[in-house]
**Q** 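Once you've had a glance at the structure underneath, I'll fire off some questions.
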Amino acid sequence: MTTMQWTDDRVERLKRLWAEGLSASQIAAQLGGVSRNAVIGKVHRLNLPGRAKAGGSSSAARPAKRPAQTQRPAAFQTRPAAATTTRTVTRAAGATMLKEEVEVEAYEEVEVRRPLNVVVPISRRLALTELTERTCKWPIGDPMKDDFHFCGCEIADSAPYCTYHAKLAYQPVSERRKAAR
DNA sequence: CCCTGATTCGC
DNA sequence: GCGAATCAGG
């Protein structure tokens, strides 16, 4: 990858995102090509105002005014195809570079029955680069459109999907067609 | 453990 | 100027 640099454009985006209250790691993910340390270092060099309260816990001081999409019940949805291309992305997290493999392409229209009596998670509408090892990687929307995003809600274990989407992902066969035997 | 920003210092 | 390593903290 070409050496990333702080072009005027990237600096402007940095300033805007920092002003919006995004964390350094999130900004790094959004800009791409830089670590959170790089972002923090740049912030200081630019003499941008630091955060009121250092180390602001992720859940405490977070503007996070995501559109908060309300998922409407659908009898059937699209789910990732079994054969998808795997893309490896790196993401800065702390002082570590995490490598993640996320299926991004190839979807198939599959009849998926929505589990009843389960809470449908509120999508955090995360971008590919914002996914971490504990965010649901269930894709939402058309990968070709710019409103494409991932569920991103929290995951219990280190599973790829949240509880809800795991149920969608793993559906033995068909509930209505079990004969053939 | 997860994460946050702050600082240092070799490049 | 840059950012990895490190530190300090929630």
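Please read these numbers as outputs of a predicted model, since none were measured by experiment.
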**Q** With sequence neighbours excluded, tell me which residues meet salt bridge (Lys or Arg N to Asp or Glu O under 4.0 Å) with A/R16.
**A** A/E20
**Q** Can you name the salt bridge (Lys or Arg N to Asp or Glu O under 4.0 Å) partners of A/D9, sequence neighbours left out?
**A** A/R13
**Q** Compare the minimum distances between each of B/dT7, B/dC3, B/dG5 and the side chain of A/R134, then state the nucleotide with the smallest one.
**A** B/dC3
**Q** Atom pairs under 3.5 Å, N or O on each side, protein against nucleotides 2-4 of chain C: can you list them with distances?
**A**
unit_1, atom_1, unit_2, atom_2, d
C/dC2, OP2, A/K42, NZ, 2.5
C/dC2, OP2, A/R45, NH1, 3.1
C/dC2, O5', A/R45, NH1, 3.4
C/dG3, OP2, A/W6, NE1, 2.7
C/dG3, N7, A/R45, NH2, 2.6
C/dA4, OP2, A/S35, OG, 2.3

**Q** Given atom CG of A/L46 and atom P of B/dT7, what is their separation to the nearest angstrom?
**A** 15 Å
**Q** CZ of A/R10 versus P of C/dG1: gap in Å, rounded?
**A** 18 Å
**Q** Could you walk me through whether A/L31 and A/W6 satisfy the side chain to side chain contact (heavy atoms under 4.5 Å, CB included) test, starting with their C-alpha distance in whole Å, then the side-chain angles of each, then the deciding distance to 0.1 Å, before giving a yes or no?
**A** CA-CA 10 Å; A/L31 292 178; A/W6 290 108; 3.7 Å; yes
**Q** Rounded to whole Å, please give me the gap between CG in A/L22 and P in B/dC3.
**A** 16 Å
**Q** Quickly work out the A/H44 NE2 to B/dT7 C1' distance and round it to whole Å.
**A** 8 Å
**Q** In a check of side chain to side chain contact (heavy atoms under 4.5 Å, CB included) between A/L22 and each of A/L17, A/V39, A/L14, which one passes?
**A** A/L17
**Q** Between atom CD in A/E154 and atom C1' in B/dC1, what is the gap in whole Å?
**A** 13 Å
**Q** Test A/W138 against every option in A/F150, A/Y164, A/Y161 by the ring-ring contact (aromatic ring centres under 6.0 Å, His included) rule and name the one that passes.
**A** A/Y161
**Q** Would you say A/D8 has more than 12 foreign heavy atoms packed within less than 6.0 Å of its CG?
**A** no
**Q** Check whether any side-chain nitrogen or oxygen of A/S25 sits under 4.0 Å from OP1 or OP2 of B/dT4, and answer yes or no.
**A** yes
